[in-house]
Amino acid sequence: MTAKQNPIQQTQVCQIIGGSIGKLIARQKSGKIIEIGELLTSDLDENQYAIYQVQDVYYSTQMEQRTIELISGMQLENQESDEIEFFDSELRAYNIVQLKCLAIIEKQAENKFKIKTPKTIPNFFSNIYPINEKNLIFLKKPNRPLYFGKLRSGSKIFNRDVFLDADDVLSHHILFCATTGKGKSNFIKNILWNNIELDSNGILVLDAHDEYYGRGTKKGLKNHKNAKYFVSYYTNHNCPQGAKTFFINIADLKPSHFNAIGNFSDVQKEAMRFYYNLFFKDWISKIFDDETTDDLKEVQKETNLVLRRKLSQILSCTKKHGKLEFNDIFSLEKGQRIIQDIADELENGKSVIIDCSHFSGSIEMLVGSMIMEKIFWRYKNYSRNGQISNKPIISVVIEEAPRVIGRDVLQRGQNIFGTIAREGRKFKIGLIAITQLPSLIPREILANINTKVILGTEMQQEREAIISTTSQDLSDDSKNIASLNKGEAIISSCFVPFAIPIYCPLFEDVILKIKKNESKVKESVFGME
Ligand SMILES: Nc1ncnc2c1ncn2[C@@H]1O[C@H](COP(=O)(O)OP(=O)(O)O)[C@@H](O)[C@H]1O
Ligand SMILES: [Mg+2]
């Protein structure tokens, strides 16, 4: 490596000895440690260098298997021969490293770089070095930078921030995929926090575990210094100061909202639409009304009875003394403006967190559908009348995304989340889908989700599902993905030049650092006074 590009002189860790463009083979230098996922580099000429990623490391030797077994036997069985060494051991037994060339970086002028896809292979016996921060200056901050984490090389973390353009990534959907416990929620907390830093895009969070706002001493979005302007929290459970209670007026429900739940047959759906068209905002009450049912010849009595049973289960309602009574978040009187209010907040760039931890999954999806349908139609109108360019992007965070964009539910009928996945980007509406089972999401929807944040994923089938739809070719990265620790991730997106390995820190640590810095600033201002 020339002194010009790599002023921190490092010794080589391996040397190219074969392979092909996507799979280079190098011999590891003895005494050096090379990790799977690590980033390495080599100079191609004066102005170009390559960036490689380690995909595998394995043993190789010049000796015959029988000789190796004999040496091992001598060392194991004869304690005094612990020090039995064989001649030129580091020359005869060594590691082979399998590398993928991620990109070629061409320096065009001072601080101007072109990132190219590799089309040639480096020279035979090229020396390969660990990457250093100087090799990474080509990673630039975009216009509307949404911070994702620090650049990572294997398990080493660089002091180099990775940003993606918020408008690009949020409108083109993001998928977070990982086995439980690998840090999906932690990552989302960081993203939500960083989004507030950005003058905010609207994000609706259907918070199934009530983990994002930060209850009591737990840290969350409430700890942001701008939380009162940019965060809105709805809960019906021990409502803390600043939070709002959450009731939905039954008149705001439409038959289409139930598509996200997917347990209605075509005949039942048709009957629901029939009631809606006839009675509009009163349609649910009318389904439970005996007189109406007797008079309506178009809907069979059996269908009406099934609808009553299903709706009373989902909406947690019963009919008492001729009147519908609701036990959960639905109401005949309360919450008349709640859906509009939430839509307005999102349109004003707020993060709206709804504590869904006390709802059933069906209610969570129903609430999400109501809000997102409202937003979708509003934004479609803005698009028609040319106002959309002034509007912020609106995204929706969905845990266990296959519940609404899974193959099964979509086969039973389209719902708003599927529509957003397919055409939301035209109207600046995006999904932030979270799952540990991407294989349940149809391929065309996965392919439509342009940014994938892949955290540690243990099941091979799930790794394959995600790998087969990423923007970059990750077909040889399965082992790398399986070996990711908590917070370690790979971002594959059409908005990054190659799949970028990053580390997303623990949210609590980030907050601690920020709060320390904020109090330092306060102290120094006080000192000046
Ligand atoms: N980047 C990280 N560094 C250290 N610990 C982490 C990190 N991310 C998550 N954790 C820890 O792992 C646990 C599970 O993380 P979580 O984000 O809830 O995972 P998931 O949502 O994927 O199930 C958390 O309790 C947290 O303490
Ligand atoms: Mg989680």
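Atoms within a ligand are numbered from 1 in the order they appear, just like the ligands themselves.
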*So which protein residues pack against ligand 1 under 4.0 Å, heavy atoms counted?*
Thr179, Thr180, Gly181, Lys182, Gly183, Lys184, Ser185, Asn186, Lys486, Gly487, Tyr503, Cys504, Pro505, Leu506
Side-chain donor-acceptor distances from residues 497-508 under 3.5 Å, at least two apart:
none

*Can you name the closest pair of heavy atoms from Met372 and Ile394 and give their distance?*
CE-CG2, 4.2 Å
*Hey, which of Phe427, Phe417, Tyr382 is the one that makes ring-ring contact (aromatic ring centres under 6.0 Å, His included) with Phe376?*
Phe427
*Please determine if the Mg ion (ligand 2) has an N/O/S atom from Ser185 lying under 2.8 Å away.*
yes
*asked:* Does the Lys NZ or Arg CZ of Lys310 fall within the cation-pi geometry relative to Phe264 - under 6.0 Å from the ring centre and within 45° of the axis?
replied: yes
*When you check the gap from the basic side-chain N to the acidic O, do Glu458 and Arg463 get nearer than 4.0 Å?*
no
*Could you label the plane-to-plane angle of the Tyr147 and Phe163 rings as parallel, tilted or perpendicular, counting under 30° as parallel and over 60° as perpendicular?*
tilted
